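Owing to the predicted nature of the structure, the values given are computational and were not obtained by experimental measurement.
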Amino acid sequence: MNNENLIKEIGVNGVAQTKYSGTRTIQTDSLGPNNFVLQELTRGNGVFTFNSATTTNYPSTNFVDTDNNWNNVNAAQDEVATDAHWGAEMTYDFYLNTYGRNSIDNAGFALYSYVHYDVGMVNAFWDGQRMSYGDGSGGTPPLTALDVTAHEITHGLSTFTANFAGGNEPGALNEGFSDIAAKTIEHWARPTNWNWIIGNDINLPIR
């Protein structure tokens, strides 16, 4: 007996009204009529942006849009999800177009971003598998700006290339290379809106 999966996923271009980088084109998946999600499979093994919903968990909870024009401003600040998604796509594209590298491991490593991670977390981090972005606190906005995204993903690249261990000099090199890449990628992807200050969109130094 033959079976056919009737759920189809189609990669399409969407429009993102981002918080930090203006209006940008992003790649999304269409799961059906009026059902678009922040994931795509055109870059390596994919770029996926999920909603941790102020938990410290990593659920496969999609951000959803009905017309693929992502202008999702709300009390939860869901609009920053497109910053993380576009930033991951641009970071992938930079390494591919500049160095011929297929994602951070050069083998298509899927880039997973989790937005709204934890409550009041003023940080973003790479944990060896994925990126987590806090919503900020005390007037600090969410940490999904382009250079933050590029910085964290480059920590992943360092994991697969240099594998810096510990703090002190290896830790300083790890942070330094991520800072350099962050500003390089910001200039590459957003050439008319960049500067040398790390975290300039959110006025916060990267840690």
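Thr149 and Asp83 get closest at one heavy-atom pair: OG1-O, 4.4 Å. Considering all non-hydrogen atoms of both residues, Asn45 and Phe109 come closest at ND2-N, 4.2 Å. Closest non-hydrogen pair, Val15 versus Gln17, comes out as CG1-NE2, 3.5 Å. Shortest non-hydrogen contact noted between Ala181 and Thr154 is CB-OG1, 3.5 Å. The shortest non-hydrogen separation linking Leu146 to Ala189 is CD2-CB, 4.1 Å. Nearest heavy atom pair, residue Val115 against residue Ala84, reads CG2-CB, 3.9 Å.
Shown are Leu41, Asp29, Leu111; of these, the side chain to side chain contact (heavy atoms under 4.5 Å, CB included) with Phe48 is made only by Leu41. Applying side-chain hydrogen bond (donor to acceptor under 3.5 Å, both in side chains) to His116 and the options Thr61, Thr55, Asp78 leaves one that passes, Asp78. Screening Tyr112, Phe125, Phe50 for a side chain to side chain contact (heavy atoms under 4.5 Å, CB included) involving Arg130 leaves a single residue, Tyr112.
With no hydrogens or angles considered, no side-chain donor-acceptor pair links Ser52 and Tyr133 at under 3.5 Å. Counting only N and O atoms by type, the side chains of Thr18 and Trp86 include no donor and acceptor under 3.5 Å apart. Side chains of His85 and Gln27: a donor-acceptor N/O pair is absent below 3.5 angstrom, by distance only. Under 3.5 Å, the side chains of Tyr117 and Asp135 contain no donor-acceptor pair of N or O atoms.
Separation of atoms CH2 (Trp126) and OG (Ser113) is listed at 10.0 Å; rounding is to 0.5 Å. Between the OG1 atom of Thr28 and the CG atom of Asp65 there is a distance of 8.5 Å, given to the nearest 0.5 Å. Taken from CG in Asn35 to OG1 in Thr66, the straight-line distance is 9.5 Å, to the nearest 0.5 Å. Distance OG1/Thr159 to CD/Gln129: 10.5 Å, rounded to 0.5 Å. Residue Leu143 holds its CG atom at 3.5 Å from CD1 of Ile202, rounded to the nearest 0.5 Å. Here Asn193 contributes atom CG and Asn200 contributes atom CG; the two are 7.5 Å apart, rounded to the nearest 0.5 Å.
Under a 3.5 Å cut-off, the side chain of Ser178 and the backbone N or O of Glu175 do not form any donor-acceptor pair. A donor-acceptor pair is defined here as one N or O able to donate and one able to accept, closer than 3.5 Å; such a pair exists between the side chain of Asp67 and the backbone of Asn69. Between the side chain of Tyr92 and the backbone N or O of Gly44, at least one donor-acceptor pair lies under 3.5 Å. Using modelled atom types, one side-chain atom of Asn195 and one backbone atom of Ile197 make a donor-acceptor pair closer than 3.5 Å. Within the 3.5 Å criterion, the main-chain N or O of Leu157 finds a donor-acceptor partner in the side chain of Thr161. Of the possible donor and acceptor atoms, one in the side chain of Asn68 sits under 3.5 Å from a partner among the backbone N and O of Asn13. Judged purely by atom type and a 3.5 angstrom limit, Asn51 has no side-chain atom pairing as donor or acceptor with the backbone of Phe63.
Residue Val122 is not grouped with residue Val119 when hydrophobic side chains (ILVMFWY) are merged at heavy-atom distances under 4.5 angstrom, including chains of intermediate members. Criterion: ILVMFWY side-chain heavy atoms under 4.5 Å apart, direct or through other members. Under it, Leu96 and Phe160 are part of a common hydrophobic cluster. No continuous path of hydrophobic side-chain contacts links Phe177 to Phe94 [ILVMFWY only; heavy atoms under 4.5 Å].
By the salt bridge (Lys or Arg N to Asp or Glu O under 4.0 Å) test, Glu186 pairs with Lys183, Arg190, sequence neighbours left out. Not counting sequence neighbours, the partners of Asp93 by the salt bridge (Lys or Arg N to Asp or Glu O under 4.0 Å) test are Arg43.
When side chains are defined from C-beta on, Thr82 does not count as touching Asn72, because their heavy atoms never get closer than 4.5 Å. At least one side-chain heavy atom of Tyr20 sits under 4.5 Å from a side-chain heavy atom of Pro142. Glu40 is listed as a side-chain neighbour of Glu89, based on a closest heavy-atom distance under 4.5 Å.
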Can you list the steps and then say if Tyr58 with Asp127 is a side-chain contact (heavy atoms from CB on, under 4.5 Å)?
CA-CA 12 Å; Tyr58 294 103; Asp127 67 1; 3.8 Å; yes
Go through it in stages, so that I can follow the logic: the residues are Tyr99 and Asn106, the test is side-chain contact (heavy atoms from CB on, under 4.5 Å), and I'd like the CA-CA distance, side-chain angles, deciding distance and then a yes or no.
CA-CA 10 Å; Tyr99 299 109; Asn106 202 28; over 6 Å; no
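Aromatic ring pairs are classed by plane angle as parallel below 30°, tilted from 30° to 60° and perpendicular above 60°; the pair His151 and His155 is perpendicular. Between His187 and Trp194, the angle of the ring planes goes over 60°, which puts this pair in the perpendicular group of the 30/60° scheme.
Under a cut-off of 6.0 angstrom, the local environment of CG in Asn168 is sparse, with at most 12 non-hydrogen atoms contributed by other residues, nucleotides or ligands.
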